[in-house]
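Only this structure's heavy atoms are used, side chains among them; waters, hydrogens and symmetry mates stay out. Numbered from 1 within each chain, the chains take letters A, B, ... in sequence-line order.
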2 protein chains.
Amino acid sequence: MTKVDQILIASSIVTMDPTYRVVHDGALAIKADSIAAVDEREKILSVYSTENVVDFGNLTIMPGLVNAHTHVPMSLLRGLADDMRLDVWLLGYMMPVERKFVSPEFCRLGTMLSCAEMIRSGITSFADMYYFEDTVAEATALAGMRAVCGQTVLKFPAPDADSFEDSLASAANFIKKWKGHDLIIPSVAPHAAYTATQEILAACAELAIKHDIPLHIHIAETQNEVEEWRENYGMPVVPWVKKLGVLDAKIIAAHCVHIDEGEMHTLEHAEAGVAHNPSSNLKLASGFAPISDMLDIGLNVGIGTDGPASNNDLDMFDEMRLASFIAKAVTNDPTALPARKTFEMATIMGARALHIDDLTGSLEAGKRADLIVVDLHTTHNLPHFDHDPNAIYSRIVYATKATDVTDVIVNGQWLMRDRSLLTLQEDVLYEQAEQYAREIDAFLLEREGSVLSKLIAIGGAEQEQSYEVQIKVRLPDPAGVKAKLDEGVFEVVRTAHYHEYDTYFSFPDPEKARLRYREDEFVDANDEVFNVRARLTLTGPAAEREYPNSVLLSRSRFIAPARYTPRFYREYFKPSSEISIHKDRLRWLVRYESLEFFINIDEIQKPYIEGFFLEIKSRTWSRKDAERKAELISKILETLDVGDAEALTVEYPDYVRDRAR
Amino acid sequence: MTKVDQILIASSIVTMDPTYRVVHDGALAIKADSIAAVDEREKILSVYSTENVVDFGNLTIMPGLVNAHTHVPMSLLRGLADDMRLDVWLLGYMMPVERKFVSPEFCRLGTMLSCAEMIRSGITSFADMYYFEDTVAEATALAGMRAVCGQTVLKFPAPDADSFEDSLASAANFIKKWKGHDLIIPSVAPHAAYTATQEILAACAELAIKHDIPLHIHIAETQNEVEEWRENYGMPVVPWVKKLGVLDAKIIAAHCVHIDEGEMHTLEHAEAGVAHNPSSNLKLASGFAPISDMLDIGLNVGIGTDGPASNNDLDMFDEMRLASFIAKAVTNDPTALPARKTFEMATIMGARALHIDDLTGSLEAGKRADLIVVDLHTTHNLPHFDHDPNAIYSRIVYATKATDVTDVIVNGQWLMRDRSLLTLQEDVLYEQAEQYAREIDAFLLEREGSVLSKLIAIGGAEQEQSYEVQIKVRLPDPAGVKAKLDEGVFEVVRTAHYHEYDTYFSFPDPEKARLRYREDEFVDANDEVFNVRARLTLTGPAAEREYPNSVLLSRSRFIAPARYTPRFYREYFKPSSEISIHKDRLRWLVRYESLEFFINIDEIQKPYIEGFFLEIKSRTWSRKDAERKAELISKILETLDVGDAEALTVEYPDYVRDRAR
């Protein structure tokens, strides 16, 4: 008799070995961290002996699930922001909160919370990509799980690195520290092509090849990414990263939602693993990944949960079911991605995709003892049919719930026994996680209460002059004013002609802020657009003082370049109302009594208003200066022969709104 | 103080009332079967009193979920057959098993098993459609659940009715019996347009209108159904059923995967409810229902699990998440079907779709006390963010699992308390369900072992003559034989010319059966096809006896019209190999010495074989007759001047296979 450390007995053992053997009335012998043998109970008990025999009765033993792509610390951001477009979610919520809160402590806690959830739901291995990955690796090892831990490298500053040189250096140290660990496989994770430079990608590839460790990267997650690459580089993402040597490393390519057949062959040739994330791809509306095609070509496709901030959980049973369902619906073929193949993706093929199939993914002698025990005899999973040998996979994929997992062993060590976690204290994690949530809530509530804070959170607002003098007069025909200006009644500093598209967002209390998204199309003498500029202007409520023929405004005023679309700003700022005004503007910057004034001749095209407006405007940091300008405006109007026109002191959005009433 | 029967206290009560009120630190007072009041704890306790106060601590009370479409007895067929096309699944497995096993006992047990699963997962109301619905209603009422129970009406014989007149009559009795019951709302369920006649649909509509009860029907589940309707009736399904008066009843339209905008407006105008079944639609590859459009138009869309044979469970939390995910992915818009709207579909809007929103679907004074208690403080659902009031819906839809439901009350009665079922004994159900599974396994295993049984299971095989004599000779040029026949050497009974497309399926032991799918295109003198016929022929192994220039075969031979496609038969019969042969055939039926013989001149076009074959063949029930014919064949060959040609006694598929080797 050979002495082993543990023998597990169960009515069924699903091995996922190359013959897809399912052992009925089976047993599995564990010696130290590895599987000594899997066979029928009688055979095992006649060869192996131990004091530790655990009989699981009618439960089923199967390989632990492999979560092929996630960001584990993000469990602390679960449900923080949902039902949003990717840019609003990422730029408006995730990144500002990460900038503020992500620290080694945050990553440690989030990792432990995620490990608790993953162990409960039968995951034994995962591939992670986040910041402070050294802390993630430490917490994972303490929890006893197996993971490919990827230190993120970005071209811009990250919570754990001021520059990409820093993050590359820390990735190198991270790899050296963890290489050879029993549970942790270190990896380098350039986040994506669009968040890296060519230099970063080449350096990451070199690092991964040098240390023979996986390189984890997001590839072609959205249609936008692919369109941008085709436009800028004349090729999609996969051949582009290939040219930089990235595919010479052991690749874990996350998402691959929008890759073509050529790219699939390239990835297959490179022996890359693909991580398919069905929940995340659907919830963020990234698209339907062509999984059936990838599998036909022979790619190793694993299944991942992605981060719990975009999922919102870490439930591989859900992901399996979804992967199969979606493949069927998209190919219009209910025989696509059948249950056994789906379970294979979540186990041994997932392990292959992570380049750790020598260690895990199936129950075979010599592999590490990474296994789970599952109750298939539940109200939602009975009765059992046995006329088809694939029925057991059908039960696992189509009807088993994550909560049916009763016991988990990784590397020979018990992590959960009869639904009790052995390496993590959930109560303590809950309390600490809730504390973070309260702080993040407070941060966001303060920000949500202030349009300015929200503007600053997405970067780049500058304060502008606090004082503004202005006047408008209606002008049935602008010819006279134009003629005067052409005559040279004032010194003209410069002139411009543009179409101005303004969208004014209004907000309720407390700040009564107004945010303008303004897009100017500058046109030349032939009315051809030669330049476009988009800006945001945030103004607070104005203190007004009226002068004869002018008004002096004093208010806060912030300006920022508008990098995103009006749609982004609308969804991010959630205004209570909005109004759009399009105008054609001729503008003169003139000097009068050594002071500068803008003179605009505006035609309001949407909503259409007959005639023209003459607007005279000037801004300054100085109250005194403003007062002097306010007095001068009457003289300018007289010089332009419109001194007796009725003066409007109201601003365009208010004027348009009042007319509409 | 007003006396009530029960007061429930919880940290949050999600009401789904018209203002979407969420009461924090709330209480709910129950008097008999109804909700007396929902409000803050202090307010309730200052107005209502009872000896039964249950404090759920930090759990959440919410309306019970409404499962808008299912077939509850089918839990007994869960996992029976998966990863198959709809026709193979339905015609090859479900229907034969239903024909054999569905009885009142089957329906009672299946309903109880499903009720146990639904109560556990937080469902309090459902809309069912099956056979023996009286038994379904009885079992549901015993389990204490609320249901719209629909007695199925079909144009062909069903397990509970020999004719549609029978099933209509039993539907009428069923309705009279259950009308006015506390828990059961009877309904009539013409299964679908394609399984009904116009007469049936009109009669069902009349019945539903007369008794003011819902009419439950499958509408446009597959693209095929819609295409067939457009082809045969020049319109899609909704206007067609409208013309028959169906929409004048209170409709529950299940699936509606392939309806256009006009049909949506028609349904909305008729105040029809739609039952959206995301898992089933994906798993059977029926398609993506245009839910966002339906909701925009104002249709009441509920969410359903469909039957557990095609899902494979009854988990509305899964369905909610899937409904939202799919809507986002299909519209390419992650803001589509946000969490609150999704939860609305699964509660109050679902109740509206079933025409029972006066009773259930939200927690409001006066409605029946149908509610569930859910633990949102779990490892997979923490932390909680509160800066956005919709975050609680996000938790419910995106991260809550069916197993987080702890308590269920329907109509004021407790059905589950702290995860223990109070009205059903699961152990007993398991045992009985497993007993059925063993019997069904045995039935299917026996059938799977016999191609003939499988052929008979899908209907219509007839035994044909057991004796066959035949001979083939190769014929470089058929002109001579044709000339002889034209000369009138034999009496010609009839002639035909057709292209014959044969697919031969072979099977391994024990029967060595061969199944031929044969499609004949009959062509006229101009080689134009004027008729097409498809048939199946199943032959067993032959006992042979050779004669000079002929062979006499004795074997079992069954023939059946081929109603489905070769693809169907391939997936249903799962042959071990197959071979296709296409030939052009000129056929004469001749009389010789008072006996009939077929004379064929065949040209094998695929796989191409040069030259022609002359085949002479005759079949009979009589051995003696066969022997006489075998002897006559030599004379026929001589008469046709091919008496010295080499005779082939082998059949075409064997000839072709041998040549290929």
Side-chain angles (χ1 to χ4, degrees), chain A residues 76 78-80 82-86 113 116-117 120-121 279 281-285 287-288 311-315 318 322 325-326 328-329 331-335 338-339 377 379-380 382-388 391 394-395 398-399 401-403 426 430 433-434 436-437 440-441 444-445 448 571, chain B residues 76 78-86 113 116-117 120-121 279 281-285 287-288 311-315 318 322 325-326 328-329 331-335 338-339 377 379-380 382-387 391 394-395 398-399 401-403 426 430 433-434 436-437 440-441 444-445 448 571:
Chain A
L76 291 182
R78 180 206 314 278
L80 171 73
D82 285 307
D83 299 320
M84 293 176 182
R85 248 172 273 267
L86 184 64
L113 185 63
E117 185 181 351
R120 284 206 167 282
S121 62
S279 285
N281 293 345
L282 298 179
K283 184 154 180 283
L284 297 172
F288 300 101
N311 185 319
N312 294 351
D313 57 16
L314 295 158
D315 183 336
D318 263 5
L322 201 48
F325 283 4
I326 292 296
K328 293 173 193 310
T331 59
N332 194 23
D333 176 3
T335 70
H377 290 76
T379 303
H380 53 266
L382 283 169
H384 290 184
F385 291 94
D386 295 324
H387 62 276
D388 178 346
S394 194
R395 285 198 276 284
Y398 299 135
K401 296 185 195 300
T403 48
E426 285 164 300
Y430 292 175
E434 284 288 71
Y436 262 110
I440 294 170
D441 269 343
L444 287 175
L445 277 172
E448 293 293 308
E571 294 179 13
Chain B
L76 291 181
R78 180 207 313 278
L80 171 72
D82 285 306
D83 301 320
M84 291 177 182
R85 250 172 273 265
L86 185 64
L113 185 62
E117 184 181 352
R120 284 206 168 282
S121 62
S279 284
N281 293 346
L282 298 179
K283 184 155 179 284
L284 297 172
F288 300 101
N311 184 315
N312 293 352
D313 58 15
L314 295 158
D315 182 336
D318 263 6
L322 201 48
F325 283 4
I326 293 298
K328 294 173 194 309
T331 59
N332 194 22
D333 176 4
T335 70
H377 290 76
T379 302
H380 53 266
L382 282 169
H384 290 184
F385 290 95
D386 295 323
H387 62 276
S394 193
R395 285 197 277 284
Y398 299 133
K401 296 185 196 299
T403 47
E426 285 163 299
Y430 292 175
E434 285 287 71
Y436 263 109
I440 294 170
D441 269 342
L444 288 175
L445 277 171
E448 295 292 310
E571 293 181 12

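- The candidate with the highest count of non-hydrogen atom pairs below 4.5 Å against chain A, out of B/Asp315, B/Asn281, B/Leu445, B/Asp386, is B/Asp386.
- Per-residue heavy-atom pair counts under 4.5 Å with chain B were compared for A/Asp83, A/Leu382, A/Leu444, A/Asp82, and the maximum is reached by A/Asp83.
- Of the residues considered (A/Ile440, A/Thr331, A/Ile326, A/Asp388), A/Ile440 shows the highest number of contacts with chain B, using heavy-atom pairs under 4.5 Å.
- Each of B/Leu284, B/Leu80, B/Leu76, B/Asn332 has some count of heavy-atom pairs under 4.5 Å with chain A, and the biggest count is that of B/Leu80.
- Atom CG of B/Asp313 is separated from atom OG1 of A/Thr379 by 12.0 Å, given to the nearest 0.5 angstrom.
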Test side-chain hydrogen bond (donor to acceptor under 3.5 Å, both in side chains) applied to B/Asp441 and A/His387, step by step: CA-CA 5 Å; B/Asp441 269 342; A/His387 62 276; 2.8 Å; yes
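- Per-residue heavy-atom pair counts under 4.5 Å with chain A were compared for B/Leu314, B/Asp318, B/Leu282, and the maximum is reached by B/Leu282.
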Candidate pair A/Asn312 and B/His380, rule side chain to side chain contact (heavy atoms under 4.5 Å, CB included), full reasoning: CA-CA 8 Å; A/Asn312 294 351; B/His380 53 266; over 6 Å; no
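- Residue A/Ser121 does not touch chain B at all, counting heavy-atom pairs closer than 4.5 Å.
- Here the shortest heavy-atom pairing between A/Ala437 and B/Pro383 reads CB-CB, 3.7 Å.
- Note: A/Thr335 OG1 to B/Met84 CE = 10.5 Å, rounded to the nearest 0.5 Å.
- Heavy atoms closer than 4.5 Å to chain A are found in the side chain of B/Lys401, but not in its backbone.
- Checked against the 6.0 Å centroid criterion, the rings of A/Tyr436 and B/Phe385 do not qualify as a close aromatic pair.
- A heavy-atom distance below 4.5 Å is found between the side chains of A/Lys283 and B/Tyr398.
- In this structure, chain A has a heavy atom under 4.5 Å from the side chain of B/Arg120, while its backbone stays farther away.
- The minimum heavy-atom distance linking B/Gly79 with A/Ala391 is given by the pair O-CB, 4.5 Å.
- For chain A, no part of B/Ala81 is nearby; none of its heavy atoms comes within less than 4.5 Å.
- Taking CZ from A/Phe288 and CZ from B/Phe288, the interatomic distance works out to 4.0 Å, rounded to the nearest 0.5 Å.
- Within the model, atoms CD of B/Glu434 and NE2 of A/His377 stand 5.5 Å from one another, a figure rounded to the nearest 0.5 Å.
- Both the backbone and the side chain of B/Leu113 have a heavy atom closer than 4.5 Å to some heavy atom of chain A.
- The two residues B/Leu322 and A/Phe325 have their closest heavy-atom pair at CD2-CD2, 4.0 Å.
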